[in-house]
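Take a look at the structure below.
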Number of protein chains: 2
Amino acid sequence: MDNTQHSGRRQTATERRRRELLEAAERIVLRDGPEASMNAIAAEAGITKPILYRHFGDKGGLYRALAVRHTDALLANLRTALDAPVLRRDRVEATLDAYLVAIETRPQVYRFLMHPAEQQGQAESGFDVGRHSAPLLRRLGEELAKVISDRLDLGPEGEERARVWGHGIVGMMHAAGDWWLRERPCSREKLVEHLTDLLWGQLATVKDLAGGTGF
Amino acid sequence: MDNTQHSGRRQTATERRRRELLEAAERIVLRDGPEASMNAIAAEAGITKPILYRHFGDKGGLYRALAVRHTDALLANLRTALDAPVLRRDRVEATLDAYLVAIETRPQVYRFLMHPAEQQGQAESGFDVGRHSAPLLRRLGEELAKVISDRLDLGPEGEERARVWGHGIVGMMHAAGDWWLRERPCSREKLVEHLTDLLWGQLATVKDLAGGTGF
DNA sequence: GTCCATTGTTACTTGCGGTAACCCGAGTCT
DNA sequence: AGACTCGGGTTACCGCAAGTAACAATGGAC
């Protein structure tokens with residue numbers, strides 16, 4: 001029962017409006033960080049709050065809509081790095097670097113994505129521990145787990161191990177990147193090298209310092 | 001000049017009161033999560049908001065005061081695991097396990113510590129990227145970096161490398177722990193084993209799956 | 001022309017963090 | 001004793017944010 005070309009036209013019109021709103025929201029969020037107010041966003045878009053709510057339901061909805069765009073872009077970058085036909089170590093380096101380039105060039109976007117600011121939703125009581133600061137990180141972890149599981153021969157329990165590794169590596173990348181971004185203690189290349197060394201087992205093979213406890 | 005033993009007595013009295021308030025706050029935070037309201041906490045303590053503010057300045061102050069207790073306890077546990085006179089690999093396993101035991105037994109505390117909920121402070125504009133979800137994680141990263149740097153011979157740039165590794169490992173532990181806690185895909189022992197394998201360079205040595213791209 | 005969906009408004013409610021002004025009881029000084 | 005101050009306590013408020021009616025205007029469909 002679609003109403004001739006009406007619904008189609010209207011459809012694209014509201015879609016376009018929605019995109020405009022998202023772009024306004026993005027400008028404000030990039031300026032004010034994740035605690036940008038709905039009022040400010042509405043003002044930037046030249047309108048008032050209630051239409052924002054009509055389009056996105058609540059603040060979480062807006063932020064989620066905003067997030068998917070950047071998330072998708074980042075994921076695409078990571079996937080191409082992850083699929084490059086080179087040595088495994090080079091591939092790992094390229095992937096780490098892709099992530100770091102992303103957070104380096106758009107730190108405000110990064111900050112926004114990693115901290116979607118209170119998208120409360122589920123029941124309050126239970127054990128929804130750590131739901132914060134990371135739908136994106138969890139997704140990255142799962143993606144990486146899939147790649148690992150698809151390409152490496154991890155034997156029995158391979159699935160389990162791949163997921164642990166996926167989330168672990170993503171967490172390592174994130175924490176190191178976060179720290180690096182705020183302290184800038186070295187070049188990006190150096191950081192990538194150190195991290196890859198860590199993943200390549202240097203922690204196991206490096207020698208004790210003379211005078212240490214000798215274990 | 002000090003008023004006889006008066007100020008001393010009063011001192012301990014206010015200290016005790018402060019502890020009582022902190023305990024009330026803890027009960028509420030453990031029940032409501034990090035977004036527990038000051039009103040609720042005051043009610044639990046049987047008083048009203050302004051005295052909370054007299055004692056702790058603002059919400060961030062209260063939460064910081066609450067955090068140091070648990071943080072100190074956790075740090076103490078980690079340090080003893082980190083100082084055990086055993087093989088390096090066993091020490092790493094023990095440390096990972098100590099952390100995981102902590103988050104497993106008190107998930108609400110863990111959630112609270114990892115997400116101190118908006119302790120805004122610094123100027124709004126700038127590049128304070130990623131300040132969220134981690135004064136504790138950053139501290140852990142620095143502590144671990146120090147241990148690494150003190151005990152291992154990392155050659156030139158050893159300091160830099162130790163810090164990257166410290167933050168990276170902590171991030172890995174945190175992300176994997178967070179994911180594990182909410183999905184419980186395996187036993188704690190298995191998780192520790194997988195993570196240690198990862199740190200021990202298994203990612204580098206494991207074989208490609210047959211039919212893979214062969215790199 | 002009439003209908004209805006969509007875009008927009010103003011004006012409100014609720015709940016939060018935080019503060020100002022005042023109250024009162026217990027010890028202190030003279 | 002009486003004045004004095006000091007710290008724990010209260011009520012009542014401000015400002016601001018999210019979110020919600022309830023109502024106005026525009027414009028295509030029939």
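- In the interface, the side chain of R54(B) is paired with the base of dG8(D) through a donor and an acceptor atom under 3.5 Å apart.
- Computed from coordinates, the M38(B) CE to dC14(D) C1' distance equals 17 Å when rounded to whole Å.
- Note: CG (L62(A)) to P (dA18(D)) measures 10 Å, nearest angstrom.
- Rounding to whole angstrom units, CD of residue E35(B) and P of dG17(C) are separated by 11 Å.
- Ring-plane geometry between Y99(A) and Y110(A) is classed as perpendicular, the angle between the planes exceeding 60 degrees on a 0 to 90 degree scale with a lower cut at 30.
- Between the CZ atom of R17(B) and the P atom of dG8(D) there is a distance of 9 Å, rounded to whole Å.
- Within residues 21-29 of chain B, no residue has any heavy atom closer than 4.0 Å to DNA chain C.
- Annotation: cation-pi pair R182(B)/W180(B) absent, no NZ/CZ under 6.0 Å from the ring centroid and within 45° of its normal.
- Across dC16(C), dG8(C), dT10(D), the shortest atom-to-atom separation from the side chain of S37(B) is found for dC16(C).
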Query - Criterion salt bridge (Lys or Arg N to Asp or Glu O under 4.0 Å) on D150(A) and K146(A), from CA distance to verdict - result: CA-CA 6 Å; D150(A) 280 354; K146(A) 189 160 177 310; 3.4 Å; yes
Query raised in the report: Given E93(A) and R89(A), is the salt bridge (Lys or Arg N to Asp or Glu O under 4.0 Å) satisfied, shown in steps?
Result: CA-CA 6 Å; E93(A) 283 187 349; R89(A) 177 167 174 135; 3.6 Å; yes
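- Of the two residues contacting DNA chain C, namely P50(A) and H55(A), the nearest-nucleotide position lying further toward the 5' end is that of H55(A).
- At whole-Å resolution of the value, CG in L52(B) and P in dG8(D) are 13 Å apart.
- Here dG17(C) presents its P atom at 7 Å from CG of N39(B), a figure rounded to the nearest Å.
- Under the 6.0 Å cut-off for aromatic ring centres, Y63(A) and F112(A) qualify, their centroids lying closer than that.
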Query raised in the report: Please walk me through it: do R139(B) and E142(B) pass salt bridge (Lys or Arg N to Asp or Glu O under 4.0 Å)?
Result: CA-CA 5 Å; R139(B) 202 169 147 199; E142(B) 288 297 321; over 6 Å; no
Query - E23(A) and R16(A): CA distance, side-chain angles, deciding distance, salt bridge (Lys or Arg N to Asp or Glu O under 4.0 Å) verdict - result: CA-CA 11 Å; E23(A) 277 154 23; R16(A) 198 174 53 239; over 6 Å; no
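- Residue F56(B) contributes atom CZ, which lies 15 Å from atom P of dG17(C) at whole-angstrom precision.
- Rounded to an integer number of Å, the gap from I51(B) CD1 to dG17(C) P is 16 Å.
- For T48(A), a side-chain nitrogen or oxygen approaches OP1 or OP2 of dT9(C) to under 4.0 Å.
- In the interface, the side chain of K59(A) is not paired with the base of dA17(D) through any donor and acceptor atom under 3.5 Å apart.
- Listed candidates were dG19(D), dG9(D), dG18(C). Nearest to the side chain of Y53(B) is dG18(C).
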